[in-house]
Amino acid sequence: MPRDPDPPPAKRFKPGSPFFRLDKKKPGMLLPRAGHAAVGVDTQRKQLPIYQSRTQLINQIRQLHNAVFIGETGSGKTTQIPQYLYEAGIGRQGIIGITQPRRVAAISLAARVAEEKKVQLGKLVGYTVRFEDVTSSETKLKFMTDGMLLREAIGDPLLLRYTVVILDEAHERTVHTDVLFGVVKAAQRKRTEQNKIPLKVVVMSATMDVDLFSQYFNKSPVLYLEGRQHPIQIYYTKQLQSDYLQAALVSIFQIHQEAPASHDILVFMTGQEEIEVLARTCRDISKHLPESCGPMTVVPLYASLPPAQQLRVFQPAPKGSRKVVLSTNIAETSITISGIKYVIDTGMVKAKCYNPDSGLEVLAVQRVSKAQAWQRSGRAGREDAGSCYRLYTEEEFDNLANMTVPEIQRCNLASVILQLLALGVPDVLNFDFMSKPSPESLRTAVEQLCILGAVDRKDDQVSLTPLGKKMACFPLEPRFSKTLLISPDFSCAEEVLTIISLLSVDSVLYNPPARRDDVLAVRKKFISSEGDHMTLLHIYRAFKKVSGNKDWCRENFVNSRNMGLVLEVRAQLRDICIKMNMKLESSLSDLTNVRRCLAHGLFMNAAELQPDGSYVALDTHQHVAIHPSSILFQAKPACVLFNELLHTSRCYMRDLCLVDADWLQEAAPEYFRRKLRATKS
DNA sequence: GAGCACTGC
């Protein structure tokens with residue numbers, strides 16, 4: 001099988017200014033051509049390049065316990081390999097599970113494979129994602145989110161229902177995939193030891209950099225899959241660009257003046273504000289260009305955009321007009337836009353960094369990795385040859401990190417540790433991670449679980465308490481599952497269910513800046529002096545009273561999509577509570593108990609007013625401030641809980657709840673005694 | 001008196 005993509009073609013595009021230089025050394029990244037709709041699915045399957053290697057592939061996989069595949073996204077590997085295995089009778093005693101980092105991918109892949117096998121979705125071919133299980137006892141090819149397989153593993157750590165697990169999109173290195181690496185490896189070893197049916201593990205990645213995968217899975221062979229792909233010409237800037245936004249603007253109009261109008265442009269940027277500003281500038285400039293230039297349709301794209309506006313990226317621009325999509329990294333993986341001929345890569349991304357000592361997560365603009373830069377350029381060649389303009393020099397590219405730091409090395413690990421313990425991993429601190437998180441990060445996580453009463457520590461051994469075991473059953477952050485589990489003691493489980501559901505999805509509050517005064521006026525009727533949590537609870541109750549009426553949502557600036565999610569999350573959590581025989585009561589109008597309960601679960605996120613009017617977080621002793629969006633912004637209460645700290649111009653607490661300092665002491669006397677000692681020394 | 005990339009159970 002070929003190891004390298006085809007070399008790029010002759011230079012097809014001559015930039016009008018000396019701004020860019022062509023990369024002659026590095027091959028372009030290549031991507032697949034879409035299947036031809038007029039041809040039947042069987043013919044389409046046979047036309048995929050992977051079909052040529054079918055027999056060879058099957059013979060190889062049959063003999064292997066582990067294999068690593070490299071092939072571009074959509075090269076057919078994800079839809080074909082599970083079918084090849086099934087058709088060859090490999091793993092027929094059980095299920096072939098294929099994991100995906102995203103829900104939509106799991107669903108659409110299952111639908112595609114069911115179509116190819118000419119079966120009804122949910123029979124032979126099915127999928128499982130949160131809130132949706134379209135499988136049956138007949139299901140042999142099961143597409144699922146990686147988080148879902150991880151959940152399943154808690155009830156079945158050896159994954160005995162599965163004979164093959166295919167971990168797809170492994171290069172993305174999500175926390176879930178990374179934990180799964182260790183889980184499937186351990187399951188594989190134990191099944192061999194116990195003489196059970198062996199488990200085959202297949203890792204699929206889009207990047208060539210797969211040594212780590214191969215090493216980790218017992219030096220498994222790496223198989224290269226040829227894709228039917230289009231060449232992409234890469235350009236770099238000749239000099240360093242001090243202002244990537246300015247450089248993006250120049251590049252957009254450079255292309256706009258020279259390329260045919262049907263060639264669309266995709267620009268990768270860092271965030272909403274930046275995108276909206278550049279969109280306005282582009283629209284302004286394009287109005288004042290000579291007529292020979294033709295019009296421009298500028299479309300912003302980011303996750304918090306209302307769904308209707310997101311759909312605009314799929315609409316073709318009016319005839320003669322060029323579409324310019326300004327996007328965050330949502331267009332790197334989650335959303336695929338057809339017709340893109342040019343990609344402009346600013347080389348920057350907004351990403352979360354985690355400081356394990358302070359426990360603080362900071363969202364910061366950073367450089368992309370090489371892998372990410374290739375992913376971005378690949379978006380230019382979905383249907384035909386394309387070009388990618390990198391707004392940095394070739395030298396800067398060479399100095400980029402090869403891979404993005406795996407998420408597991410930059411997040412709070414409390415949930416991961418709890419889940420591993422629930423899986424029965426004996427020595428969590430020495431779990432066989434493919435990329436080990438820092439010891440401080442592991443220690444902080446165990447410490448947090450200990451304070452919450454989820455784990456016991458003896459010497460270096462960490463074990464789950466009965467409470468911790470229950471906490472692991474909820475798809476929630478540990479602090480939230482703890483709060484929910486103690487809510488029956490305060491006779492307010494129904495309210496806590498609502499509040500925790502509201503806190504675990506994106507905000508249900510819609511705040512269009514242009515209508516600020518209207519928003520404030522309308523929101524007055526829900527305000528609770530007890531804080532943001534109780535205000536949210538009021539909004540939820542009002543929403544339920546009108547049965548989720550869409551007009552009501554619009555009038556009250558409530559995001560109905562997110563509110564719908566709240567209902568789903570709440571129903572799922574409530575089911576788990578019922579299975580646990582928890583007493584579900586409502587505290588009705590008196591919300592003091594609810595706040596008292598929150599204090600007992602979320603005491604680690606508390607802050608106290610200082611004599612000078614500022615606040616200090618009790619856990620880390622750092623100075624914090626109330627975010628101006630909070631209901632309590634002007635109230636200056638003596639003691640508050642907060643849902644999260646947001647580090648921007650200052651360290652802000654968001655989503656606050658008024659509490660009594662005594663409640664916190666009651667909730668965790670030992671913890672606060674220690675904190676006090678730490679302050680004095 | 002601020003302004004938050006993207007997933008997922």
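Just so we're on the same page: letters track the sequence lines, and every chain starts at 1.
A search for ring pair (Phe, Tyr, Trp, His ring centres under 6.0 Å) contacts involving Tyr652(A) returns His627(A), not counting sequence neighbours. For Ser560(A), the side-chain hydrogen bond (donor to acceptor under 3.5 Å, both in side chains) criterion is met by no residue, not counting sequence neighbours. Every residue two or more places apart in sequence or in another chain that forms a side-chain hydrogen bond (donor to acceptor under 3.5 Å, both in side chains) with Ser630(A) is listed here: Asp532(A). Residues passing the side-chain hydrogen bond (donor to acceptor under 3.5 Å, both in side chains) test with Tyr244(A) are Glu274(A), sequence neighbours excluded.
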query: For nucleotides 2-9 of chain B, read 5' to 3', which letter fits each nucleotide if B means a protein heavy atom sits under 4.0 Å from the base, S means only the sugar-phosphate is that close, and - means neither?
result: BSBBSSSB
Counting only pairs under 3.5 Å, give me each side-chain donor-acceptor contact of residues 511-522 of chain A, with atom names and distances, residues two or more places apart or in other chains.
from      : atom 1 : to        : atom 2 : distance (Å)
Asn511(A) : OD1    : Arg523(A) : NH1    : 2.6
Arg515(A) : NE     : Asp518(A) : OD2    : 3.1
Arg515(A) : NH2    : Asp518(A) : OD2    : 3.3

